[in-house]
Structure formats: structure tokens, C-alpha cells
Amino acid sequence: MSAEYSPESRHQKPAEPVPETQSAAERQRAIREVALLLARYEIRHIRRWFEEFDRDILLPILLGEIALHNIGGLGPENGTEPEEKCVLKPCNAYSIAAATGLPRETVRRKIVRLVELGWVLRRSNGHLYVSSDALKHFGGLLSSRELTELIDTADRARRTLQA
């Protein structure tokens with residue numbers, strides 16, 4: 001396993017380019033290995049989300065879009081408030097349908113399920129917000145196993161391409 005992610009690690013210099021001495025066949029083999037490595041990572045990741053959301057693969061996609069809409073607006077309302085008072089930007093079923101390309105009725109049905117699960121809060125005006133429970137639960141998953149696995153996978157891909 002690689003070292004934990006830290007803010008300093010993102011300032012590391014980029015990987016060295018692949019040496020020119022590598023043959024076209026070797027390069028093609030390395031690219032295939034990396035493609036398989038990434039495909040395995042993605043399938044494991046999708047399976048986890050599939051199980052986490054009652055075997056409905058659209059739910060994590062919609063929750064992710066709602067969270068991105070909400071957090072995309074994160075910032076002080078007037079530019080002078082402390083970070084603790086930042087507000088989430090609301091979204092609605094229409095904006096989520098537009099963002100995902102899914103039919104509005106499908107999005108509405110799935111949002112009902114996300115509300116039932118406690119992952120999304122819906123206000124009377126239709127505004128949607130990711131719940132604090134969802135942020136705690138999935139934020140913990142992302143910062144622990146998911147991020148570490150992603151960094152490890154990227155490191156393995158880099159090493160394969162540099163070999």
C-alpha cells in the first residue's frame with residue numbers, strides 16, 4: 001500500500017515520461033495492463049455503491065449530483081462570514097434530471113427513495129439537500145477506503161507505465 005494522501009503529496013513532481021527505448025509492443029502491453037487495472041478498480045467501486053444503495057445503481061449517481069450541486073455553492077453568503085456559517089446551494093429534481101440526462105419522473109422516484117433512506121432532505125419548496133447523515137457516512141467511506149484505494153490504483157498504473 002502507498003502512503004496516506006496528504007496535501008503535500010499533491011505537490012509532488014509529475015511522473016517521469018515513459019522512456020523512448022520502450023517498444024511499441026511493450027507500450028501496448030503496458031496500456032492494456034493499466035486498462036485492466038482501472039477496469040477492476042471501477043467494477044469494485046460500482047459494486048460497493050450498488051450494495052450500499054439497495055442494489056439501485058442510479059441512487060448513488062443522483063446523491064452524488066445533489067451533493068455536487070449543494071457543495072458547489074458552498075461559501076459565505078456575503079463573503080465575510082466564517083466558514084462554519086457557509087450555506088449549501090439548493091437544487092431540485094429538474095436540475096438533477098438536467099445534470100444527469102435522466103427523465104424527470106425517474107429522478108423524482110429515485111429522490112423519494114433517497115429521502116426514505118435519509119440521505120436527502122427535501123424542503124416544502126422542492127429544494128433538495130444532501131443530509132448530514134449522508135455526508136458523515138459517505139464522507140467517511142471516501143476518505144478511508146475509497147481514496148486510499150484510488151491512490152494505490154493510480155500508483156500501480158503509473159509504475160506499470162514507467163516499467
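Excluded from the calculations below are hydrogen atoms, water molecules and symmetry mates; all remaining heavy atoms, backbone and side chain alike, are included.
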*asked:* Applying ring-ring contact (aromatic ring centres under 6.0 Å, His included), can you list everything that pairs with Y129, at least two apart in sequence or on another chain?
replied: none
*Going from CH2 on W49 to CD1 on I57, what distance comes out if it is rounded to the nearest 0.5 angstrom?*
10.0 Å
*Give a yes or no on this: more than 12 heavy atoms of other residues, nucleotides or ligands lie within 6.0 Å of atom CZ of R113.*
yes
_Validation row: K89, I71 side chains within 4.5 angstrom (heavy atoms)_ = no
*Please report the C-alpha distance between L58 and T100 in whole Å, then the side-chain angles of each, then the deciding distance to 0.1 Å, and finally whether the side-chain contact (heavy atoms from CB on, under 4.5 Å) criterion is met.*
CA-CA 10 Å; L58 288 178; T100 60; over 6 Å; no
*Qualifying salt bridge (charged side-chain N to carboxylate O under 4.0 Å, His left out) pairs, either residue in residues 98-108, two or more places apart*: E105-R108
*Could you state the interatomic distance from CG (D152) to OH (Y41), rounded to the nearest 0.5 Å?*
10.0 Å
*Interatomic distance, L117 atom CG to D133 atom CG [nearest 0.5 angstrom]*: 11.5 Å
*In Å and rounded to the nearest 0.5 Å, what is the CD1 to CD distance from I111 to E116?*
12.5 Å
*Could you go through the side-chain contact (heavy atoms from CB on, under 4.5 Å) check for E149 and T153 one step at a time?*
CA-CA 6 Å; E149 186 180 351; T153 301; 4.2 Å; yes
*asked:* Rounded to the nearest 0.5 Å, what separates atom CG in L63 from atom OG in S131?
replied: 7.5 Å
_Check whether D54 reaches the backbone of D56 with its side chain - one donor and one acceptor, N or O, closer than 3.5 Å._
no
_Partners meeting side chain to side chain donor-acceptor pair (under 3.5 Å) with R47 (sequence neighbours left out)_ = none
*Grab the two heavy atoms, one from A93 and one from V107, that are nearest each other, plus how far apart they are.*
O-CG1, 3.7 Å
*Is a side-chain N or O of N70 found less than 3.5 angstrom from the main chain of L128, in a donor-acceptor match?*
yes
*Taking everything shown except Y94 itself, do over 12 heavy atoms lie less than 6.0 Å from its OH?*
no
*asked:* side-chain contact (heavy atoms from CB on, under 4.5 Å), that's the test. Do I31 and T160 meet it? Break it down for me.
replied: CA-CA 8 Å; I31 289 171; T160 299; over 6 Å; no
_In the structure I gave you, are the side-chain heavy atoms of L114 and F53 within less than 4.5 Å of one another anywhere?_
yes
_Are H69 and S95 packed together at the side-chain level, in the sense that at least one heavy-atom pair is separated by less than 4.5 angstrom?_
yes
*Do you know which of V130, L59, V115 makes side-chain contact (heavy atoms from CB on, under 4.5 Å) with V120?*
V115
*To the nearest 0.5 Å, what is the distance between CZ (R40) and CZ (R156)?*
8.0 Å
